[in-house]
Structure formats: C-alpha cells, structure tokens
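Data block below; observations after.
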Amino acid sequence: MTLFLIGYMGSGKSTLGRRLAAQLGASFVDMDRAIEEQAGMSVSEIFAAQGEAEFRKMERQFLMQQGATETLHIVATGGGAPCQGDNMEVMNRVGRTAYLKMAPAQLLKRLGQAGREKRPLIRGMGDGELLEFITRNLALREPFYERAQLVIDCNGVPDAYIVEHIQRWLTW
Ligand code: S3P
C-alpha cells in the first residue's frame, strides 16, 4: 500500500515520512528528490531552466509511476503537486492520502532562510512577505489538500504523536 503525505512547504512531510517509514519498516521516497535525481538538477534549477510548468509535468509523471504496492511505501509529495489537475484523485485511487495541516504562522516559523533558499516559489522573501504569500496561497490550495482521506491538525503537535496517529489510522 502506498501512503501519500500531503501538505504545504515546511509542514514536515519528508521528516515525518522518514520517521514513519523507519518505525513501520516501510520504504520511503521524497518526490522532489526523486525528480531531482531523474532530471540530474535541483528543483530550483528545473524551475530556472525549464519553468514551473515543466516541473509540474515531472511531478505528474512521477505520480503516474506510483502503483499499488504489497508492502507499505511512503511518498512525501511536493507542496504543489496535489493542486495540479486531478493529481489528488490519482493519489486517492492508488493509495491512502494524509494531509499534514498547519497554520500559516507556524509554517512561517518552520521555513527558515535555508528552507526558503531551496524553494524557488519563496526564495528571498522576508517574514512579512512570506506570511502574506503563505496565507494567500494556502487558501487556494486547501480545497485540494482537504480531499485527503485523513486530515491531521499538526499545529503544535509533537512529531511522535502525529506518527502514532497515522500509524493507528493505517492499521485501523
Ligand atoms: C513546491 C513545494 C516544494 C517543491 C517546489 C514547489 C510548491 O516541495 O516541490 O519547490 O509548489 O509548494 P516541498 O513541499 O517539499 O517544499
């Protein structure tokens, strides 16, 4: 079974995904890293050289390659992937989906300078500008994210609890 972790940039999809995989003996893949490996460039380089639309095609291609698996396979998706075309439906069909829901103020706190630099959509933004961007962008994206089968409120919740919550939901 494939589990897709969904959420905004900085919501902890990769960190939690790795932790969950280690705890459950599952395999793990980070969608951005897989795309980077396949393209031989970083996400920022893909945006700069080929444009966002091309990157979105690569995300779609990656998702279409994910099939039903015998054992648990965890995918940390990119923050924008669920909001393109019917990607959300594809993920809901292929596997299970969990949305790591977090408020703009908390996302801002987690997206430090280094985190902003490697993400082309928010590179170079100061705190005020970024908070405004997240608030606006998240409002557009939430209708997609909310189609996940599990929505977890992660505001101020320790990782260990979130991992346990997902684990219980998966085995329920
Ligand atoms: C993006 C999120 C990033 C990465 C790219 C675009 C987005 O992934 O795919 O920079 O549109 O939200 P993370 O959510 O892992 O930061």
Side-chain angles (χ1 to χ4, degrees), residues 1-24 26-39 41-47 50-69 71-104 106-107 110-111 115-116 118-122 133-134 137-155 157 159 162-163 165-167 169-170:
M1 184 223 306
T2 302
L3 168 68
F4 295 95
L5 294 178
I6 282 155
Y8 203 74
M9 296 180 263
S11 58
K13 303 173 297 267
S14 305
T15 311
L16 272 170
R18 263 192 213 97
R19 200 163 162 175
L20 199 56
Q23 206 149 313
L24 300 180
S27 52
F28 172 79
V29 66
D30 184 290
M31 189 170 166
D32 285 336
R33 300 294 89 75
I35 289 173
E36 287 177 336
E37 261 169 44
Q38 208 162 2
M41 302 187 245
S42 69
V43 169
S44 296
E45 286 166 342
I46 298 171
F47 267 68
Q50 305 182 26
E52 180 176 346
E54 213 42 51
F55 174 72
R56 299 300 175 196
K57 278 190 208 158
M58 294 177 189
E59 287 186 320
R60 172 73 179 185
Q61 228 165 29
F62 172 88
L63 282 183
M64 297 308 281
Q65 286 162 3
Q66 307 302 301
T69 54
T71 53
L72 183 61
H73 179 58
I74 299 173
V75 179
T77 63
C83 316
Q84 303 291 319
D86 67 345
N87 283 354
M88 210 47 236
E89 282 65 42
V90 169
M91 290 188 270
N92 274 330
R93 215 179 309 128
V94 169
R96 314 273 298 258
T97 51
Y99 169 33
L100 307 179
K101 188 177 168 118
M102 213 173 258
Q106 189 147 355
L107 291 165
R110 295 165 58 102
L111 289 164
R116 294 176 205 185
K118 65 175 182 198
R119 293 176 168 97
L121 293 180
I122 57 172
F133 178 84
I134 295 173
N137 194 220
L138 187 58
L140 295 173
R141 288 181 171 191
E142 280 228 287
F144 293 92
Y145 294 157
E146 300 271 1
R147 291 186 214 157
Q149 294 153 9
L150 176 70
V151 179
I152 312 163
D153 184 353
C154 297
N155 292 294
V157 182
D159 278 4
I162 303 170
V163 166
H165 187 86
I166 297 175
Q167 192 173 352
W169 174 69
L170 282 176

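One is the number of the first residue; the rest follow in order along the sequence.
A pairwise comparison of heavy atoms in Phe4 and Gly95 identifies CE1-N, 4.2 Å as the closest pair. Among all heavy-atom pairs drawn from Tyr145 and Pro82, the shortest one is CE2-CG, 3.8 Å. Across Gln149 and Arg96, no two heavy atoms sit closer than the pair OE1-CA, 3.1 Å. Across all non-hydrogen atoms, the minimal contact from Met88 to Phe144 is CG-O, 3.5 Å. Closest approach of Ile122 and Met9 over heavy atoms only: CG2-CE, 4.0 Å. Residue Leu5 comes nearest to Gly17 through the heavy atom pair CD1-CA, 3.4 Å, listed as atom of the first residue, atom of the second, then distance.
Below 30°, between 30° and 60°, or above 60°: for Phe55 and Phe47 the angle between ring planes is between 30° and 60°, a tilted geometry.
In this structure a side-chain-to-backbone donor-acceptor pair under 3.5 Å is missing from Lys101 to Ser11. Remark: the backbone N or O of Glu89 is not paired with any side-chain donor or acceptor of Asp86 at under 3.5 angstrom.
The shortest side-chain heavy-atom distance between His165 and Val157 does not fall under the 4.5 Å cut-off. Counting only heavy atoms from C-beta outward, the side chains of Phe62 and Val75 approach each other to under 4.5 Å. Contact annotation: the side chain of Met102 never approaches that of Tyr8 to less than 4.5 Å [non-hydrogen atoms, C-beta and beyond].
The CG atom of Leu111 sits 5.5 Å away from atom CZ of Arg119, with the distance rounded to the nearest 0.5 Å. Note that CG of Leu24 is 11.5 Å distant from CZ of Arg19, once rounded to the nearest 0.5 Å. Taken to the nearest 0.5 Å, the CD atom of Glu36 stands 6.5 Å off from the CD1 atom of Ile46. Considering CG of Asn87 and OG1 of Thr97, their distance stands at 12.5 Å, rounded to 0.5 Å. Here the CZ-CD distance, from Arg56 to Gln84, works out to 5.0 Å after rounding to the nearest 0.5 Å. Residue Leu63 holds its CG atom at 14.0 Å from CE of Met58, rounded to the nearest 0.5 Å.
Scanning for side chain to side chain donor-acceptor pair (under 3.5 Å) contacts around Ser27 gives His73, with sequence neighbours left out.
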